[in-house]
Amino acid sequence: MNTIRATFAGWHDRIIAALILLAILVVVHAWFADRLWMSAAWAALSGSMAIGMGAGRLVATRLAFHASDGLLAADALHPKSRWRYMTAWHSIGMALLAVVALIARPSLLLVSMPAYLAGVLVARMTGNFGMPRRIAGLTRPAWVLQAWSHPPISGVVAATVLLVLLLPARTLGMNALFAIAGIGTVLLMLILISVDDAVVRFMTVAGHGPRRIIVHHAKGVASFLAIAVPGCWACLGPIASGIVAATGGSMLLLLTLRILAYRLHAKRFADFLVSILAALLLLVAYSMPVALPVIMIAVLWQLQRRGRTKTWLLA
């Protein structure tokens, strides 16, 4: 809550946040209103379950902090206090989700509420927030992967892998080929856009601006697009090349959002913020593609503007 209050401390920040929230609700209502009920129900089911899982993990993480390092350790270790804490926050989450469901399509309340609770249950059954610290050996491969993904040679290797995969796929038909091109690009780009939030914050306090940090992390992405896009054009045609270019551009935008968010917030809240912004951009691209450039520029400008105050900030 303190992070949210600090993020939207100024009145202009609150106005921008309100406008973005209003745009999200309008797009959600427009999308669900035009869908068949079964399609809308499946979308609400998956979305509500994902929200429930995220909320369950956030609440459990906060309880773990209070139990170990917080001032309320005694209450956080007491079963009834823990239960009341979780009940209160999940009640707020369900109330907000109910408001969104009523705006989108009132009948979806029958699906969204149980799906939220199922997501909370899944998060509670699968969550183990202490394990990453105990198993130190798992962190070293992640560091190696992040270090490997940034140099230009990594993009060259990834583009070569994609072209090798697509050449034999020409026998499967055009639809399958385009699907493989998009999926393969996403999977390879997920490796290339890996970001260490600690590195981003260190570069920020050391005086590096957002453009230099993005360039540092995007060298592999740039070399991938420089080879994969013309290579797909030459081997498979302009449509496959366009799919790779559009998918790569979207992943580059995701990388930019993550870096700008890491300059402002801790990793968990930054990832949550990026998820919300990415969902907003996807909804706008689907329902109002003409407004996508305006919304995208506004989001990037707001993150960059707030991030300027963090440069050289050592406290």
Side-chain angles (χ1 to χ4, degrees), residues 1 3-4 7-8 17-65 82-129 183 186 190 250 253-254 257-258 261 265-289 291-292 295 299:
M1 294 300 296
T3 303
I4 296 176
T7 302
F8 303 107
L19 292 176
I20 292 177
L21 179 60
L22 180 62
I24 292 175
L25 294 177
V26 170
V27 171
V28 167
H29 174 74
W31 190 89
F32 279 99
D34 295 337
R35 303 277 84 78
L36 297 174
W37 192 89
M38 188 58 67
S39 300
W42 278 109
L45 176 67
S46 58
S48 300
M49 190 169 183
I51 293 173
M53 292 177 63
R57 290 182 179 274
L58 285 174
V59 172
T61 302
R62 193 61 183 169
L63 277 173
F65 166 77
R82 292 172 63 90
W83 177 255
R84 287 196 296 267
Y85 184 88
M86 290 188 293
T87 302
W89 279 110
H90 287 308
S91 297
I92 295 174
M94 292 182 66
L96 295 176
L97 182 61
V99 172
V100 175
L102 288 173
I103 294 175
R105 199 163 178 171
S107 59
L108 294 178
L109 279 173
L110 299 175
V111 177
S112 57
M113 295 297 102
Y116 179 92
L117 294 175
V120 173
L121 180 61
V122 171
R124 185 170 179 81
M125 294 175 61
T126 60
N128 192 350
F129 300 96
I183 295 173
V186 170
L190 284 175
S250 301
L253 175 61
L254 179 61
L257 289 175
R258 292 180 67 191
H265 308 293
K267 177 177 174 58
R268 192 173 299 277
F269 183 79
D271 289 337
F272 175 75
L273 178 62
V274 170
S275 300
I276 297 298
L277 294 177
L280 169 64
L281 294 176
L282 285 175
L283 287 173
V284 172
Y286 180 83
S287 59
M288 296 182 296
L292 179 61
I295 300 295
V299 168

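The figures here come from the full heavy-atom set of this structure, side chains too, leaving out hydrogens, waters and symmetry mates. What you are looking at is a predicted structure, and each value in this text was computed from that prediction instead of being measured. Throughout, residue positions are numbered sequentially from 1 according to the sequence presented.
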Please report the shortest heavy-atom distance between [X] and [Y], naming the atom on each side.
X    : Y    : value
L292 : A285 : CD2-CB, 3.8 Å
A261 : V274 : CB-CG2, 3.7 Å
L109 : A101 : CD2-CB, 3.8 Å
G93  : Y116 : CA-OH, 3.9 Å
A291 : V284 : C-CG1, 4.0 Å

Distance, nearest 0.5 Å, that separates [atom1] of [X] from [atom2] of [Y]:
X    : Y    : atom1 : atom2 : result
L96  : S91  : CG    : OG    : 11.0 Å
L97  : H90  : CG    : NE2   : 12.5 Å
W89  : L58  : CH2   : CG    : 10.0 Å
S275 : R258 : OG    : CZ    : 9.5 Å

For this session: Hey, can you tell me if F269 and H265 have their rings parallel, tilted or perpendicular (30° and 60° cut-offs)?
Result: perpendicular
For this session: Test M94 against every option in V99, L117, I51 by the side chain to side chain contact (heavy atoms under 4.5 Å, CB included) rule and name the one that passes.
Result: L117
Exercise. For L281, which of L254, I276, L257 qualifies under side chain to side chain contact (heavy atoms under 4.5 Å, CB included)?
Worked result: L257
Exercise. Any side-chain heavy atom of V59 sitting closer than 4.5 Å to one from V120?
Worked result: no
Exercise. Taking the side chain as C-beta and beyond, is there a heavy-atom pair between V111 and S48 under 4.5 Å?
Worked result: no
